[in-house]
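Below: the structure, in structure tokens.
All residue numbers in this chain count up from 1 along the given sequence.
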Amino acid sequence: MRYDLVIFDNDGVLVDSEPLSNRHLAAYLTELGHPTTYEDSVRDYMGSAMHRVHDLIEERTGQRLPADFDDVFHARVFAAFERELKPVPGVAEVLEKLTADGVPYCVASSGSHERIRVGHRAVMLDRFFDDSRIFSSQDVGRGKPAPDLFLHAAERMGTAPDRCVVVEDSPLGVQAAVAAGMDVYGFTAMTPAEKLTGVTRLFGDMRELLPLLTGGDRAEN
């Protein structure tokens with residue numbers, strides 16, 4: 001293993017939640033009078049904490065979202081998770097192998113602790129992540145693209161940043177990992193490779209991840 005710690009993003013990397021989440025976010029913003037397409041939501045908000053939604057809407061329109069916006073949005077998304085959420089294909093096998101080999105790993109997500117846990121329970125990934133392996137933007141002052149969350153996760157896991165690799169699928173997450181001084185493997189199942197600039201490696205199928213973690217040349221970017 002080339003690294004002492006593997007840090008996974010959650011949405012789009014462990015659970016296939018980005019299509020569900022962005023569909024509901026676009027619909028809710030449009031319902032509130034801020035016309036937003038699914039593509040707009042993916043472009044502007046994928047990989048970010050909820051405060052970015054509030055900040056961009058206020059910046060663009062001068063209007064604030066309702067005080068209960070986060071609660072209503074999360075209620076809709078969590079209900080969709082229970083009905084429709086799936087794990088990213090191949091990720092359970094990756095986690096099983098890391099566990100069997102004793103390789104430290106954790107999740108560091110822009111989503112809330114509740115969102116992470118609801119999603120993991122829905123797809124039965126909760127068996128891989130106890131509280132000591134879960135880190136959220138709620139734990140730090142600034143979410144992605146700031147490096148704070150990844151640095152916090154590394155510190156709590158007792159690993160130097162340059163011995164960590166981050167598995168990410170969003171441009172904001174890649175920026176955060178690079179700023180943290182960590183290698184980052186860009187997952188292109190949903191995000192075009194050209195948008196994940198600065199990554200160490202690119203891969204499009206989760207089943208490709210384990211071979212990459214054990215060797216191979218760096219990708220050119």
Practice item. Using a 4.5 Å cut-off on heavy atoms from C-beta on, say whether the side chain of Thr197 contacts that of Val174. Key: no

Review point. Which one of Ser110, Ser21, Ser109 satisfies the side-chain hydrogen bond (donor to acceptor under 3.5 Å, both in side chains) criterion with Arg115?
Key: Ser21

Check your understanding: Where the side chain of Thr214 meets the backbone of Pro211, is there a donor-acceptor pair that is under 3.5 Å apart?
Key -> yes

Point to revise | Reported CD-to-CD distance for the pair Glu114 and Gln138, which is rounded to 0.5 angstrom | key: 8.5 Å

Revision key, fill the gap. So CG of Asp9 and CZ of Phe150: to nearest 0.5 Å the spacing works out to 6.5 Å

Practice item. List, by chain and number, the other hydrophobic cluster members for Met124, where Ile, Leu, Val, Met, Phe, Trp and Tyr join if side-chain heavy atoms come within less than 4.5 Å, directly or indirectly. Key: none

Exercise for review: Would you check if Val77 and Leu20 make a side-chain contact, meaning some heavy-atom pair closer than 4.5 Å?
Suggested key: no

Review point. Is it true that Asp16 and Lys86 make a salt bridge, defined as a side-chain N closer than 4.0 Å to a carboxylate O?
Key: no

Exercise for review: Examine the side chains of Tyr28 and Thr36 and answer whether a donor and an acceptor come within less than 3.5 Å of each other.
Suggested key: no

Review point. When you look at CZ of Arg127, are more than 12 heavy atoms from neighbouring residues, nucleotides or ligands closer to it than 6.0 Å?
Key: yes

Point to revise | Aromatic ring pairing Phe78/His74, orientation class (parallel under 30°, perpendicular over 60°, tilted between) | key: parallel

**Study point:** Spatial distance of atom CZ (Phe128) from atom CD1 (Ile134) [nearest 0.5 Å]
**Key:** 13.0 Å

Exercise for review: Find the distance between CG (Leu202) and CD (Glu194) and round it off to the nearest 0.5 Å.
Suggested key: 10.0 Å

**Study point:** Arg121/Glu82 ion pair, N-O < 4.0 Å
**Key:** no

Practice item. Would you please indicate if the ring centroids of His152 and Phe135 are separated by under 6.0 Å? Key: yes

**Study point:** Linked, directly or transitively: Tyr38 and Leu25 (ILVMFWY side chains, under 4.5 Å)
**Key:** no

Review point. Transitively linked via ILVMFWY side-chain contacts under 4.5 Å: Leu85 with Met46?
Key: no

Check your understanding: Is a side-chain N or O of Ser48 found less than 3.5 angstrom from the main chain of Tyr45, in a donor-acceptor match?
Key -> yes

Check your understanding: Roughly how far, to the nearest 0.5 Å, is the CE atom of Met182 from the CG atom of Leu5?
Key -> 7.5 Å

**Study point:** Which atom of Pro89 lies closest to which atom of Met206, heavy atoms considered
**Key:** O-CB, 3.3 Å

Practice item. Please assess Phe73 against Val53 for the test side chain to side chain contact (heavy atoms under 4.5 Å, CB included), listing each intermediate value before the final yes or no. Key: CA-CA 11 Å; Phe73 171 67; Val53 182; over 6 Å; no

Point to revise | Any residue meeting ring-ring contact (aromatic ring centres under 6.0 Å, His included) with His120, in chain and number order, not counting sequence neighbours | key: Phe129

**Study point:** Minimum heavy-atom distance Arg163-Thr159, with the two atoms named
**Key:** CB-CG2, 3.9 Å

Review point. Counting distance only, does the side-chain N/O of Asp130 pair as donor-acceptor with the main-chain N or O of Ser132 below 3.5 Å?
Key: yes

Practice item. Check whether any side-chain heavy atom of Pro104 sits under 4.5 Å from a side-chain heavy atom of Tyr3, and report yes or no. Key: no

Check your understanding: Less than 4.0 Å between a side-chain N and a carboxylate O, is that true for Asp169 and Lys195?
Key -> no

Check your understanding: Which atoms form the tightest heavy-atom contact between Ala108 and Leu149, and what is the distance?
Key -> C-CD2, 3.8 Å

Check your understanding: Is there a side-chain contact between Pro161 and Leu151 (heavy atoms, below 4.5 Å)?
Key -> yes

Review point. Is the closest side-chain heavy-atom distance between Val165 and Val184 below 4.5 Å?
Key: no

Point to revise | Stepwise side chain to side chain contact (heavy atoms under 4.5 Å, CB included) test for Leu212 and Tyr185 | key: CA-CA 9 Å; Leu212 292 178; Tyr185 288 4; 3.7 Å; yes

Point to revise | Heavy-atom closest pair, residues Ser136 and Ser112 | key: OG-CA, 3.6 Å

Check your understanding: When you measure from the centre of the six-membered ring of Tyr105, is the NZ or CZ of Arg133 under 6.0 Å away and within 45° of the axis?
Key -> yes

Check your understanding: Looking at Glu208 and Arg201, does any basic side-chain N land under 4.0 Å from a carboxylate oxygen?
Key -> no

Practice item. Show the numbers, then the answer: is there a salt bridge (charged side-chain N to carboxylate O under 4.0 Å, His left out) between Asp131 and Arg117? Key: CA-CA 10 Å; Asp131 288 349; Arg117 287 173 171 82; 2.7 Å; yes

Review point. Below 4.0 angstrom, N of the basic side chain to O of the carboxylate: do Glu59 and Arg52 qualify?
Key: no

Check your understanding: Would a hydrophobic clustering, with Ile, Leu, Val, Met, Phe, Trp and Tyr connected at side-chain separations under 4.5 Å, put Leu56 with Leu32?
Key -> yes

Point to revise | Ile7 side chain reached by Cys106 side chain, heavy atoms, under 4.5 Å | key: yes

Review point. Closest heavy-atom contact between Leu98 and Met1?
Key: CD2-CE, 4.0 Å

Point to revise | Residue pair Phe187 / Val88, side-chain heavy-atom distance below 4.5 Å | key: yes

Exercise for review: Would you name the heavy atoms of Val42 and Met190 that are closest together and state the gap between them?
Suggested key: CG2-CE, 4.0 Å

Check your understanding: For the atom pair CG (Asn22) and CG (Leu29), what is the distance rounded to the nearest 0.5 Å?
Key -> 10.0 Å

Point to revise | N/O donor-acceptor pair under 3.5 Å between Thr37 side chain and Asp40 backbone | key: yes

Practice item. Would you check if Val13 and Val91 make a side-chain contact, meaning some heavy-atom pair closer than 4.5 Å? Key: no

Review point. Between His113 and Asp139, does a side-chain hydrogen bond (donor to acceptor under 3.5 Å, both in side chains) hold up when you go through it step by step?
Key: CA-CA 9 Å; His113 279 279; Asp139 303 330; 2.8 Å; yes

Check your understanding: With the 4.5 Å side-chain cut-off for hydrophobic clustering, are Val6 and Leu125 part of the same group?
Key -> yes

Check your understanding: Should Leu172 and Val140 be counted in the same cluster of Ile, Leu, Val, Met, Phe, Trp and Tyr side chains packed under 4.5 Å apart?
Key -> no

Check your understanding: Is it true that atom CD of Glu31 has more than 12 heavy atoms of other residues, nucleotides or ligands lying nearer than 6.0 Å?
Key -> yes

